Amino acid sequence: MTGGNEQKPNGTGPPTASLSVGSTAVVVMGPSGCGKSTLASALAETLGWTFIEGDDHHPPENVEKMAGGEPLTDEDRLPFLKSVGRVSVVRTFGTTRGVDQRSVGLVLD
């Protein structure tokens with residue numbers, strides 16, 4: 001999920017809901033079946049933010065492993081992390097082009 005984190009020009013008042021540099025992302029994590037998607041989608045709806053379903057970013061091989069109860073390795077997780085990172089950057093900045101990968105702490109292809 002992404003949402004705004006900007007203050008009014010004088011630094012007072014609540015954050016706005018616009019996306020821009022300095023935006024806030026909330027990541028909901030936990031074990032399988034604990035209600036992450038339910039909580040995250042309700043939170044996004046309440047805040048007027050965008051909900052990004054992490055499960056949609058796993059490659060089929062990972063989905064198969066997880067369905068079989070097999071834990072993912074760090075190597076397995078890399079395509080998922082890149083995909084979620086790419087979507088988050090595009091939703092925040094509108095593009096990955098010209099975004100300094102080091103400044104956003106992500107590895108983008």
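The model shown is predicted, which means the values in this text are computed figures rather than measured ones.
- Here the shortest heavy-atom pairing between Pro31 and Cys34 reads O-SG, 3.1 Å.
- Asn62 is listed as a side-chain neighbour of Pro59, based on a closest heavy-atom distance under 4.5 Å.
- Rounding to the nearest 0.5 Å gives a distance of 10.0 Å between CZ of Phe51 and CG of Leu43.
- For CD of Glu53, the number of neighbouring non-hydrogen atoms (other residues, nucleotides, ligands) closer than 6.0 Å is greater than 12.
- For the pair Phe80 and Leu72, the minimum side-chain heavy-atom distance is 4.5 Å or more.
- Checked by atom type and distance alone, the side chain of Ser83 never pairs as donor or acceptor with a backbone atom of Pro79 at under 3.5 Å.
- By the criterion of side-chain heavy atoms lying less than 4.5 angstrom apart, applied directly or through intervening Ile, Leu, Val, Met, Phe, Trp or Tyr residues, Val84 is not grouped with Val63; the two fall into different hydrophobic clusters.
- Side-chain atoms of Glu61 and Asp76, non-hydrogen and from C-beta on, never get closer than 4.5 Å to each other.
- Rounding to the nearest 0.5 Å gives a distance of 4.0 Å between CE of Met66 and NE2 of His58.
- A heavy-atom distance below 4.5 Å is found between the side chains of Ile52 and His57.
- Although no hydrogens or angles enter the test, the distance criterion places a donor-acceptor pair under 3.5 Å between the side chain of Lys36 and the main chain of Gly30.
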